[in-house]
Every structure is written in C-alpha cells, then in structure tokens.
Amino acid sequence: MNQTDNYKKTEEIEIDLADLLRSFCRKWKQAAVCALAGMILLGGYGYWKSRNAEVPEEPSAKESMIEEAELTEEERWSVAEAVQLKKENDAIADYLENSILMQTDAYNRESVLLQYCIHETDIHTLPKAVESYTAFLSYGQAAEAVQESEQAFRNIKPSCLSELFSVWQAAEGQSKIIMDASIDSETEKIFYVEVTGKDKKMAQQLAAAVKKALGKYASSVKKKCGSHELALLNEISRTRADSTLLSQQREKRELLKAGRSNLKTLTDSMSEIQKLAYAEEAGIEKEEETLEIAAASGTGSVLKYIIFGLCAGIFAYGGIFVCLYLLRNAVRSESEFQAYYRIPLYGSMSVKKAAAKSGPARDESQKRLAQTLGRVRLACKKQGIQKLCLAAEFAAGTKEQAVLEHILKQLQDWGIHTVMGRVPDSDISQWDMLEEAGTVLLVCSIGETTYPMVNHAMEFYLENDIDVIGAVLLDGR
C-alpha cells in the first residue's frame, strides 16, 4: 500500500448494533448486580413508604381528612355499597359460626320426631289451639322457654335454637288413618314437631326440653283458647341424609364467599380517602382491620417498586454501558473495522487460553487462528514479502503476548522473517526495525485499540513509505 492510497472508506463510524447487543449480554453479571441494587433500593423505599402509610392516624386527623376530601356522588355511592356489603357478609359469617343447623352433618342428620294430638275440644277451640302451639314452636317462644329451663342451651342464640324446631300439621285424611276412621276431624288434630341436634345426644336432650316446654305452655293455651287435651302419640329418633339441609349450607357458604370477593373488589378500586371513609362508616377501628385495608394497596405498591427497581437497574446499567461503548471509540468488531477502513482484514483470533475451552468451542478457536494466519501467509507470498513487523497497537498482557508469540513463531516457520513491534509508530527506538522490515501487519485488540490510534499509525506508516499489508484483530472478550 503506497502513500497515495486512501485507507479510510468513510469518516463516520457506523455502530454495529448486533455487536452492541452481544457486548451488553456478555456483561450480564454487572447488569444483574445493578438490577439487584435497584430492587433493594426502590423496594426498601416502597416498603418504608407503605409502612408509614399504614401507621394508624389519630381519629381526629382521620375525620378531618375525610371531611376535607371531596368525594363525588359515585365515590360516595361506592363507599355506601361497600359498607352495606360488609354488614351483610358479617351477618352471614356470624350466622354460619353460631348456627348449629349450619354446622350439622347433612349426611348424618340426627333428629327426633314428636307426634302430638289435640282432642277433647270443639270446632271453635281446635283451630285456635293448633295455631297457638304452631306459633309457640315456630316464632321463638319455645326456644326461649327451653333456654330458661335448660342450662345446656343458654349459650345458644334464640334464633339459632328456634331453627332446630320444625312443625307441621297432618292432612285430614292422614289423621283419620292414624287415629280412627270414625273420628271427627273437626274436633281432633294431629301435628308433628321435628327437633334436630348436632349429635344424637343433643337431639334427645332438646326433644325432652321441647316436650317439657309444651307441657307447661298447654295450661296457658287452655285459658286463652278453651278446653282441650294435648297428647304425645309417638316419639321417633332417626338418622338420615338431608339433601335440603346440604343445599342450604352450600348456599350460605357460597353467598359469603361471593360477598367477600365483591367487597375486596370494591375496596381495591377505592382511593385512600374512600378507604378511610369506608373504615369510618363501617366502624372498623381495630388496628388489625385498619392495616388489612392498607395491605391491599401497600403490598401491591411494594411489588411495583421492586419491579420498577429491577427495570431501572438494568436500564441504568444499559445507559452507562452504551455511553462507555460509544465514547471509548475503540475497535469493536470485524464488520465495523471493515466498514471503516480499506485495509485488508485477515480475521480475528481469540486470546483466551485453549485450556479454558473444550469440545466444539476449542476446535472453532483453533480453526479461526489457522485461517487467519493462512491468509496472512498467502498475502505475503503473493506480494513477495520476506520481512514483516507485527505492529501491536495496544499494551499486550499475558494472554495477548502468548498469541503474538504464536503468530511470530508460525510465520517464521513459514520462512517469513518476522519481528515484534510494541506501538512502533510511537517508539523512536523501533524505527530502525520498521525501516529494515519495510512492511507491517497491524495487530489490533478489540475493545483496547482505538480508531485514533489506528489512524495515527496509518498516517505515520504512509508518511514514511512503510507498507501496511493488512490487519488482524485479537478478541479477548
């Protein structure tokens, strides 16, 4: 190559995006450290912020905040709906917790059937007596009477106790079959009382208490309704599977589950002011419940900060990496070097130790080295070059030195007198060696040798009429 040759193809260096991406991926450990640092920093900040937000405020401050906030009509309606839904859910949960019927095994329902007959009365007294006993059993009076007389049932709510009693009247035709076909159905009536318990023992105790309560109540019925007799005809204990009870239990549980899910959806979509208003109207004053309201937004907020910290850490490292990548202005890839210079590029060689590689990776590295040196030998043979200077345009380390010595030995074995030059264009002591050799082979290190270094070297060689046969790249990445 003579002095009149223009060794540059362009004055602008085109960035090799593929190499930029590969270089960034090689630095995955540094990126992971930055991502972890971002997660810790922003995640910690989000946790600190959520903890401060969860600190219970003084009632006066909370009320002041609610009063100062201007909720829209739709927001107030949402708060009112949530309050009503919470009341319904609490009522269902309380019922399921206290109701013996809801806790009963529907596949093994224990009950006692009591068969009563009202007789020795007239057609005017009978309807009033029947309705009086039915109301007594159905509307809670019997439950109250049982609780007064029996200590075992006093801890049960009257409403939960009364639902254990079922009462119904026998049809007229059925009464004649049971008693006597010739009886007067207008003066005698049969009705049934079914008593349910959590287990067999409770069912029998409750049935005995009901019989006792009906016996006491009969005297007041006689005074109010007229003369009659109440007789217990039969008492039957039974265990059965009750599909109707099972359906009721499932319906209540599903209703509570759906209600809680709807309430969570409503509160999750509320603003902080709405949540405060909801807590105030719903009477949520316990610290645990207050923290539970803030937990939905607090936990989500911390998670958002962690994810944001992860992305921010990677993005920050990526920005720094790209800036350093561009500002360093170093040789970064074969394609970039060929796009910028007209200088023949014979290839690139890995400077990593062969022992560090195995299998296909090692074979590929050896193949690239052999191909690169083979192209240099062929170029020297065609141009009749017998002397060559390896102009290393970088500070060679141990691994680079080993590769340079291998190149030097291989070229000498091929009959090419080769010498080693350490940045010879800048070292006056090596100029005699350059003049003697007359031809140089540029050896550049990817990531170390900068374009200004190569430009300065090329201008020096051209000015002093020293031929540049081409270049090879050492890849230490």
Side-chain angles (χ1 to χ4, degrees), residues 91-92 94-104 109-172 174-175 178 185-238 242 244-245 248-249 252:
I92 297 173
D94 182 71
Y95 173 69
L96 289 174
E97 183 180 355
N98 293 286
S99 173
I100 295 175
L101 193 63
M102 292 295 103
Q103 298 172 15
T104 300
R109 180 177 178 179
E110 299 288 348
S111 62
V112 176
L113 183 66
L114 304 175
Q115 185 185 44
Y116 280 95
C117 177
I118 302 174
H119 61 101
E120 296 185 11
T121 185
D122 54 47
I123 59 175
H124 300 290
T125 302
L126 182 62
K128 293 185 288 182
V130 171
E131 291 301 324
S132 181
Y133 286 117
T134 301
F136 175 75
L137 291 165
S138 301
Y139 293 98
Q141 287 179 286
E144 293 176 359
V146 167
Q147 285 184 320
E148 290 178 2
S149 61
E150 300 293 333
Q151 180 70 29
F153 303 113
R154 288 182 182 175
N155 294 330
I156 303 175
K157 288 185 176 182
S159 60
C160 295
L161 188 61
S162 63
E163 68 178 356
L164 298 178
F165 309 150
S166 299
V167 57
W168 67 92
Q169 301 175 27
E172 293 185 3
Q174 186 179 6
S175 297
I178 295 173
S185 60
E186 293 183 354
T187 59
E188 294 185 359
K189 191 68 175 178
I190 293 176
F191 68 92
Y192 297 89
V193 180
E194 185 179 36
V195 180
T196 299
K198 183 180 291 187
D199 51 37
K200 190 172 184 179
K201 180 180 179 181
M202 180 182 177
Q204 291 176 347
Q205 288 180 340
L206 191 57
V210 169
K211 288 189 294 182
K212 184 177 179 181
L214 280 174
K216 291 182 178 181
Y217 184 66
S219 58
S220 63
V221 176
K222 290 178 181 180
K223 293 179 181 179
K224 295 178 182 178
C225 301
S227 177
H228 68 278
E229 292 295 329
L230 177 67
L232 177 64
L233 300 180
N234 200 2
E235 179 178 342
I236 303 172
S237 297
R238 60 177 177 173
D242 192 338
T244 302
L245 176 59
Q248 291 176 354
Q249 292 174 342
K252 293 295 183 182

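Worth knowing before you read on, the calculation uses all heavy atoms, side chains too, and leaves out hydrogens, waters and symmetry mates.
- The distance from the CE atom of Met202 to the OG atom of Ser111 is 12.5 Å, given to the nearest 0.5 Å.
- Between Lys128 and His228 there is no side-chain heavy-atom pair separated by less than 4.5 Å.
- Between Ser237 atom OG and Gln204 atom CD the span is 5.0 Å, to the nearest 0.5 Å.
- Here the CG atom belonging to Leu161 is positioned 11.5 Å from the CG atom belonging to Asn155, to the nearest 0.5 angstrom.
- Thr104 and Gly197 get closest at one heavy-atom pair: CG2-O, 4.1 Å.
- Side-chain contact between Val112 and Ile236: absent, with no pair of heavy atoms (C-beta onward) separated by less than 4.5 Å.
- The shortest side-chain heavy-atom distance between Lys189 and Thr121 does not fall under the 4.5 Å cut-off.
- Between Leu164 atom CG and Ile156 atom CD1 the span is 7.0 Å, to the nearest 0.5 Å.
- Residue Tyr133 is tested with Ile118, Val193, Val167 for a side chain to side chain contact (heavy atoms under 4.5 Å, CB included); the sole match is Ile118.
- Here the closest heavy-atom approach between residue Asn98 and residue Gln103 is recorded as N-NE2, 4.0 Å.
- Side-chain contact of Ser132 with Tyr217: a donor-acceptor pair under 3.5 Å is present, judged by distance alone.
- Lys157 is linked by a salt bridge (Lys or Arg N to Asp or Glu O under 4.0 Å) to Asp94, counting only residues two or more places apart in sequence or in another chain.
- In this structure the side chain of Val210 reaches within 4.5 angstrom of the side chain of Leu137, judged on heavy atoms.
- Ala209 and Phe153 make their closest contact through CB-CE1, 4.5 Å (heavy atoms, listed as atom of the first residue, atom of the second, distance).
- Between the side chain of Ser138 and the main chain of Ala135, no donor-acceptor pair closer than 3.5 Å is present.
- In this structure, the separation between OG on Ser149 and NZ on Lys212 is 5.0 Å, given to the nearest 0.5 Å.
- Looking only at distances, a side-chain donor or acceptor of Arg154 sits under 3.5 Å from a matching main-chain atom of Glu148.
- You'll find the side chain of Met102 reaches within 4.5 Å of the side chain of Lys252, heavy atoms only.
- Proximity of Tyr192 to Leu114: side-chain heavy atoms (C-beta onward) are nowhere separated by under 4.5 Å.
- Closest non-hydrogen pair, Phe165 versus Ala143, comes out as CE1-N, 3.8 Å.
- When all heavy atoms are compared, the tightest approach of Thr125 to Ser227 is CG2-O, 3.8 Å.
- Arg109 has its side chain within reach of Leu101: a pair of non-hydrogen atoms, C-beta onward, lies under 4.5 Å apart.
- Remark: Leu233 CG to Ile190 CD1 distance equals 5.5 Å, nearest 0.5 Å.
- With a 4.5 Å cut-off on side-chain heavy atoms, Phe191 and Thr134 do not count as touching.
- No donor-acceptor pair closer than 3.5 Å links the side chain of Glu194 to the backbone N or O of Leu113.
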